[in-house]
Amino acid sequence: MSLCKRRGFIFQSAEIYGGFRSTYDYGPLGVNMLRNVKDAWWRSTVQLRDDVVGLDAAILSPPAVWEASGHLANFTDPLVDCRSCHSRWRADKLTGPCPTCGSTDFTEAREFNLMFKTHAGPVEDEGAVAYLRPETAQGMFINFANVLQTTRKRPPFGIAQVGKSFRNEITPQNFVFRTREFEQMEMEFFVPPGESSTWHEYWIGERYRWYVELGMPEDRLRVRPHGPEELSHYSSATSDVEFLFPWGWDELEGIANRTDYDLRQHAAASGARLEYFDQGTGERYVPHVIEPAAGATRTMMAFLLAAYDEDEVGGEARTVLRLHHRLAPYQVAVLPLSKKETLEPMAREVLGLLQPHFMCDYDTTQSIGRRYRRFDEIGTPWCVTVDFQSLEDRAVTVRDRDSTEQVRVPVDGLLAELRSRAGTA
Ligand code: ATP
């Protein structure tokens, strides 16, 4: 957490006013990394497939949507008050006495709805009520017919969305793990009813692999099926991908079999026909839905935790983030060896050569050793140093973050060298 603040990954929101509980702002490094997490998800879920399309739906929606989805009635957590200090807790997460005062005297649990309610327009009456979405998923269900008609996709196919969701969590905690405003990466995969179990297994495997391919160590990752008492109101089976956080195993993502629950609910409530008609076979059915639902902000935190390392280089302790190059806030740092003006034109030429292909930073301050440490600490995989020799031989030094190995590379071959290291040659 302190590295996040000190280096500009994540700041407490409204900090100059004393902070606003459970909201965070993503700084210059954090915004890059969060985008990278979302882009990596979009790339594997949408770009590299021909059976998933994207969507960006509204955050504000009318009560009818949440009435039909079941969220108005069911999207609740059990809330208890401590009778002694009046703090409030989620009954299902409370295992012992009140964490604030130690009392065991609690009120009866009552259901607390987690949706943020607001009013759209200048009149604050019941007719103007709107909700901030607590999940992005409903956007896909209410646009199911639109997407079907406009894309010619047919089951099995998916609709993916990345965006903000809001939940009035009773006990937001653990930094950005649980916040009231967060980002999700969700995909609804519509399949013929008989194929839902097979696709459920398939997506559990795909999603687990995504984390591993981005460098998550497998001994801190597991898949855990939900017990029957844990299942959400819409789910017939759910497995979570969990990460070993400092406080224990906890959820990164839920992969649920939502059956035909949502499409049927919305069809009944709206009168729209939400089904698929197969012209080939003459068959008409309501698809079942497999949903991998991940949190972008929570996942970013897990990648940071997994990447954090301390080792020794040249007898000196260093902090290093061993982030996958796709996730690192900067892939390349261009560093003129000294501030001397003679190096600047060539260093800027190298920067201009790399910027269209990599997120780069340019840094001339302090000694080269200090600069290497600073870029190690924020996870930059490659530093490119321009020195006085470079002016004569048109070659630069490429330093690797993890091995700290340095090699001399001609400027003409630099892009190819870095691309091949990044596996995009
Ligand atoms: P929990 O039981 O922890 O409240 P959930 O099972 O209700 O979470 P889902 O509805 O399955 O969560 O949401 C999908 C994903 O969205 C979660 O796995 C998580 O990564 C993310 N997410 C959910 N709520 C929050 C939150 N308050 N803050 C950050 N991320 C969240």
Side-chain angles (χ1 to χ4, degrees), residues 10 13 21-26 30 34 37-38 40-41 45 59 66 69-71 74-79 89-94 111-116 132-141 160-188 200 203-204 207-208 210-211 216 221-227 229-245 247-258 261-262 289-305:
I10 301 172
S13 196
R21 189 166 178 225
S22 174
T23 53
Y24 293 91
D25 297 342
Y26 290 73
L34 186 57
V37 170
K38 294 185 284 184
W41 185 89
T45 312
I59 286 172
W66 306 107
S69 70
H71 284 77
N74 299 318
F75 197 61
T76 57
D77 278 339
L79 170 75
W89 304 99
R90 246 175 91 168
D92 60 328
K93 300 265 172 184
L94 203 60
E111 292 302 320
F112 174 76
N113 195 291
L114 299 181
M115 283 197 292
F116 278 98
L132 300 189
R133 65 182 180 195
E135 60 172 28
T136 66
Q138 298 304 320
M140 281 75 110
F141 299 126
Q161 176 167 209
V162 173
K164 287 231 164 158
S165 291
F166 301 82
R167 296 181 186 180
N168 199 1
E169 300 279 3
I170 298 167
T171 45
Q173 62 198 139
N174 292 329
F175 199 34
V176 298
F177 177 81
R178 185 184 305 287
T179 50
R180 297 202 169 110
E181 175 179 346
F182 56 96
E183 273 195 274
Q184 291 189 303
M185 310 182 287
E186 298 194 298
M187 197 269 289
E188 309 306 315
H200 193 207
W203 280 109
I204 294 169
R207 293 303 307 144
Y208 180 86
W210 183 80
Y211 294 96
M216 204 68 107
L221 211 53
R222 72 176 188 192
V223 171
R224 187 185 64 84
H226 280 206
E229 72 299 339
E230 262 184 288
L231 292 174
S232 313
H233 64 274
Y234 50 72
S235 168
S236 72
T238 297
S239 283
D240 287 346
V241 177
E242 295 188 332
F243 175 72
L244 188 54
F245 284 92
W247 58 89
W249 291 99
D250 220 331
E251 170 178 342
L252 286 180
E253 161 161 7
I255 300 133
N257 181 346
R258 291 182 82 126
Y261 177 85
D262 302 271
V289 174
I290 304 304
E291 174 198 70
T297 38
R298 186 181 286 188
T299 297
M300 170 175 157
M301 178 177 167
F303 278 122
L304 281 169
L305 284 163

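Atoms within a ligand are numbered from 1 in the order they appear, just like the ligands themselves. Computed from a predicted model, the values in this text were never measured in an experiment.
In terms of protein heavy atoms, atom 29 (C) of ligand 1 is closest to Phe177 O, 3.1 Å. Atom 28 (N) of ligand 1 has its closest protein heavy atom at Thr179 N, 3.0 Å. With respect to atom 15 (C) of ligand 1, the closest heavy atom belonging to the protein is Ala293 O, 3.6 Å. Among protein heavy atoms, atom 13 (O) of ligand 1 sits closest to Gln184 NE2, 3.4 Å. Counting only heavy atoms of the protein, atom 11 (O) of ligand 1 lies nearest to Glu251 OE2, 3.4 Å. Looking only at protein heavy atoms, the nearest one to atom 21 (C) of ligand 1 is Gly295 CA, 3.7 Å.
For Leu252, every heavy-atom contact with ligand 1 shorter than 4.0 Å involves the backbone, none the side chain.
For ligand 1, the polar-atom distance check finds no N/O of Phe182 at less than 3.5 Å from any of the ligand's N/O atoms. For a threshold of 3.5 Å applied to N or O pairs, the pair formed by Glu169 and ligand 1 contains at least one separation below that value. Below 3.5 Å of separation, one finds an N or O of Arg178 facing an N or O of ligand 1. For ligand 1, none of its N or O atoms has an N or O atom of Val176 under 3.5 Å away. Here's the thing with Arg167: one of its N/O atoms is less than 3.5 angstrom from an N/O atom of ligand 1.
Leu79 has its side chain out of reach of Trp89: every pair of non-hydrogen atoms, C-beta onward, lies at least 4.5 Å apart. Within the 4.5 Å cutoff, the side chain of Thr76 has no heavy atoms near those of the Phe112 side chain.
For Arg207 and Trp210, the positive end sits near the middle of the six-membered ring, less than 6.0 Å away and at most 45° from its axis.
When ring centroids are compared, Phe177 and Trp247 come within the 6.0 Å threshold. The aromatic ring centroids of Phe243 and Phe245 lie less than 6.0 Å from each other.
For ligand 1, the atoms closer than 4.0 angstrom to any heavy atom of Arg90 are 4 (O).
Classified by interplanar angle (parallel below 30°, tilted 30° to 60°, perpendicular above 60°), the ring pair Tyr261/Tyr234 is tilted.
We find that Arg224 and Glu230 are joined by a salt bridge, their nearest charged nitrogen and carboxylate oxygen being less than 4.0 Å apart. Checked for salt-bridge contact, Glu242 and Arg222 meet the test: a charged N lies under 4.0 Å from a carboxylate O.
With no hydrogens or angles considered, no side-chain donor-acceptor pair links Ser232 and Ser235 at under 3.5 Å.
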